[in-house]
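A note on names: the letters A, B, ... follow the listed sequences, proteins ahead of strands, and every chain is numbered from 1. None of the values given here were measured: they were computed from a predicted structure.
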Amino acid sequence: MEENIFDGFLQVNSLFSDKEVLRHTHMPAKLPHRDTEVEAIMFNLVEALKGNVPSNMIIYGPSGAGKTAVINFICRQLEKKGRQIGRYVNPVYVNCRKIDTQYRVLAHLGNSLLEEYEQEDIPFTGWPTDRVFSELVKRMNLKGGVHVLVLDEIDHLVKKSGDDLLYNLTNLNAELDEARCSIIGISNDLKFTGYLDSRVRSRLGQEDLVFKPYNAQQLQDILTERAEVGILANVLSEAVIRLCSALAAQEHGDARRALNLLRVSTEKAEQSGDVVVLERHVRMAQNQIECDQITPAIAALPSQQKLVLFSILQIEHQGLRNIATGEIYEIYKQACKHFGNNILTQRRLTTLLSELDTLGIVTAKTISRGRYGRTKQVNSCIPNSIDAVKIMIDADELMQAVGDGNYRLQSRL
DNA sequence: AATCCACAGGAAGCCCGGGAAC
DNA sequence: GTTCCCGGGCTTCCTGTGGATT
């Protein structure tokens with residue numbers, strides 16, 4: 001038979017029985033260690049099934065604490081039950097990190113109510129916002145019932161574009177006569193209501209719920225349960241599961257991270273032709289996950305942001321750490337000249353720097369050096385195994401300029 | 001205790017491209 | 001076509017500030 005490059009890989013015996021189960025997007029039939037949270041939310045949302053309006057809620061908790069999973073789980077059940085008993089309950093989920101302006105959230109909500117009425121799509125731009133809003137009201141009234149609006153990562157939207165949207169949405173019930181709605185906000189930031197107008201705060205935060213991060217033991221339970229379904233028997237030792245749980249527990253109890261770790265570790269074992277997962281596979285997986293996250297993030301950076309990162313790396317290349325904003329700006333200007341880019345203001349650079357910080361590519365801590373002023377103290381956090389400069393240059397036409405720039409920091413000579 | 005550095009980061013506004021409405 | 005609106009990227013102008021130094 002003719003040889004094919006896939007042959008060797010096909011013959012490898014998979015260690016998985018169902019890999020999907022190990023993805024965080026997979027919805028298990030029950031959610032371990034979240035009983036009280038599920039109950040609290042259900043207790044409120046059951047009002048929708050009785051024809052009343054549930055209270056608005058805010059749900060807090062760090063990433064990977066199961067907030068989104070719990071809400072999605074309940075919403076599915078809610079919708080199903082509603083259909084069974086002939087009450088129209090319509091949960092709509094919006095991720096405010098992806099859909100991050102007032103206009104787009106309203107348009108998304110409006111378009112999710114489209115199907116049966118042959119209305120037009122609300123265009124992604126063009127209309128005045130208040131027209132989108134009244135169109136949304138119209139459609140909700142046409143549908144009737146109770147609409148449960150889930151706004152995930154709501155703190156992100158509020159920080160970016162203020163609380164106008166929430167002001168309007170919490171006022172929705174005053175505009176609706178044939179339908180009712182209630183709002184569930186999900187936030188990573190415990191202090192996020194501080195950014196809200198007091199009226200919005202009181203209307204939105206009728207009920208709060210805080211998700212605590214999972215501890216190592218709870219993560220272990222979650223992993224064990226998923227592994228029973230997703231991974232073949234005798235592939236995993238208890239020690240491996242305990243290690244994955246412990247590592248993820250250090251990362252503020254992130255269940256998503258724990259699942260990834262377990263899945264990738266098993267993949268690593270599979271690739272090395274082993275039939276059991278060992279501790280070293282977990283270490284490999286940890287590395288892999290880190291690289292997988294950061295490489296595309298760097299490649300996808302806008303050119304100007306690449307130049308900022310490039311400047312930081314140039315300075316670090318000279319063996320310096322804890323770089324000040326002014327120093328970065330100095331090198332950044334040289335880099336712009338070298339690559340023939342226009343130079344942005346230092347104010348703009350500050351913002352770009354903060355964005356790199358939130359992306360987790362650098363850490364930028366504002367410190368005071370007393371008489372020598374306040375500044376950000378910047379360090380890159382890219383693992384050594386990644387050649388960030390090469391990634392950026394490969395991914396960007398504007399950075400293909402030839403020759404070595406000779407970057408010098410006057411201030412530290 | 002007062003000063004003062006080197007910035008942080010908010011506010012407003014400009015310009016542009018994309019699109020709707022008239 | 002003109003005129004409206006949104007949002008992103010950016011500049012300008014500005015006020016605020018922690019703590020070493022005076």
Side-chain angles (χ1 to χ4, degrees), chain A residues 94-111 114 119-136 138-139 153 155-169 189 191-192 194-197 300-309 311-312 315 320-333 335-337 339-359 362-379 396-399 409-413:
Chain A
V94 184
N95 185 319
C96 300
R97 187 184 289 276
K98 289 181 192 137
I99 302 176
D100 62 351
T101 67
Q102 168 165 223
Y103 184 97
R104 288 210 267 264
V105 172
L106 289 173
H108 179 85
L109 293 175
N111 283 333
L114 199 55
Q119 294 138 322
E120 274 180 80
D121 254 354
I122 300 171
F124 73 91
T125 175
W127 286 10
T129 306
D130 52 357
R131 178 168 168 199
V132 182
F133 186 73
S134 46
E135 181 67 23
L136 175 65
K138 198 175 101 193
R139 291 183 187 185
E153 308 205 54
D155 45 332
H156 190 258
L157 184 138
V158 170
K159 275 173 204 156
K160 190 173 162 243
S161 20
D163 59 3
D164 281 5
L165 173 76
L166 292 178
Y167 183 85
N168 287 328
L169 287 182
D189 182 356
K191 298 189 298 286
F192 124 88
Y195 307 107
L196 298 177
D197 181 280
L301 248 28
S303 321
Q304 285 289 0
Q305 215 149 20
K306 286 204 190 90
L307 279 172
V308 177
L309 179 58
S311 310
I312 296 168
I315 300 173
L320 302 171
R321 305 288 292 168
N322 297 333
I323 313 158
T325 309
E327 296 173 327
I328 298 173
Y329 193 55
E330 200 184 317
I331 297 300
Y332 162 81
K333 282 189 285 190
C336 282
K337 281 190 196 138
F339 291 111
N341 235 312
N342 55 325
I343 299 171
L344 303 179
T345 55
Q346 186 164 335
R347 175 68 188 88
R348 179 64 188 144
L349 185 124
T350 319
T351 315
L352 293 175
L353 222 40
S354 303
E355 283 169 21
L356 285 177
D357 183 27
T358 32
L359 285 171
V362 306
T363 55
K365 201 168 70 177
T366 52
I367 53 135
S368 175
R369 295 176 303 183
R371 196 62 198 268
Y372 307 106
R374 265 156 72 85
T375 183
K376 280 189 190 329
Q377 205 172 56
V378 179
N379 289 297
D396 206 296
E397 292 163 28
L398 289 169
M399 289 188 76
L409 255 186
Q410 294 301 327
S411 49
R412 289 218 203 173
L413 283 178

Think [X] has a side-chain N or O under 4.0 angstrom from the OP1 or OP2 of [N]?
X	N	answer
Lys376(A)	dG9(B)	yes
Thr325(A)	dA8(B)	yes
Trp127(A)	dG19(B)	no
Arg131(A)	dA20(B)	no
Thr350(A)	dG9(B)	no

Of the listed nucleotides [options], the one nearest the side chain of [X]:
X	options	answer
Arg374(A)	dC7(B), dC10(C), dA20(C)	dC7(B)
Arg371(A)	dA21(B), dT21(C), dG7(C)	dT21(C)
Arg348(A)	dG8(C), dA8(B), dT11(C)	dT11(C)
Asp100(A)	dA20(B), dC6(C), dG8(C)	dG8(C)
Ser368(A)	dG18(C), dG7(C), dA8(B)	dG18(C)

Could you give me the CA-CA distance, side-chain angles and deciding distance for Gln102(A) and Asn168(A), then say whether side-chain contact (heavy atoms from CB on, under 4.5 Å) is met?
CA-CA 10 Å; Gln102(A) 168 165 223; Asn168(A) 287 328; 2.9 Å; yes
Asn111(A) side-chain N/O to Ile122(A) backbone N/O, donor-acceptor pair under 3.5 Å
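A pair under 3.5 Å: yes.
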Donor-acceptor contact below 3.5 Å, side chain Thr375(A) vs main chain Thr325(A):
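Indeed, once roles are kept as given, a pair shorter than 3.5 Å links the two residues.
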Over all strands shown, is [X] touching base, sugar-phosphate only, or nothing at heavy-atom distances under 4.0 angstrom?
X	result
Arg347(A)	base
Thr129(A)	sugar-phosphate
Lys160(A)	sugar-phosphate
Thr125(A)	base

Spacing between [X] atom [atom1] and [N] atom [atom2], to the nearest angstrom:
X	N	atom1	atom2	answer
Asp130(A)	dC4(C)	CG	P	15 Å
Ile122(A)	dA21(B)	CD1	C1'	16 Å
His108(A)	dC6(C)	NE2	P	20 Å
Gln304(A)	dG9(C)	CD	C1'	10 Å
Asp121(A)	dA20(B)	CG	C1'	14 Å
Glu355(A)	dG9(B)	CD	P	12 Å
Tyr372(A)	dT17(C)	OH	P	23 Å
Arg369(A)	dA8(B)	CZ	P	10 Å

Any Phe192(A) side-chain heavy atom under 4.5 Å of His156(A) side chain
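No; the side chains remain at least 4.5 Å from each other.
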Between Asp189(A) and Lys159(A), does a salt bridge (Lys or Arg N to Asp or Glu O under 4.0 Å) hold up when you go through it step by step?
CA-CA 11 Å; Asp189(A) 182 356; Lys159(A) 275 173 204 156; 3.1 Å; yes
What's the spacing between Leu169(A) CG and Asp163(A) CG if we round to 0.5 Å?
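It comes to 11.5 Å.
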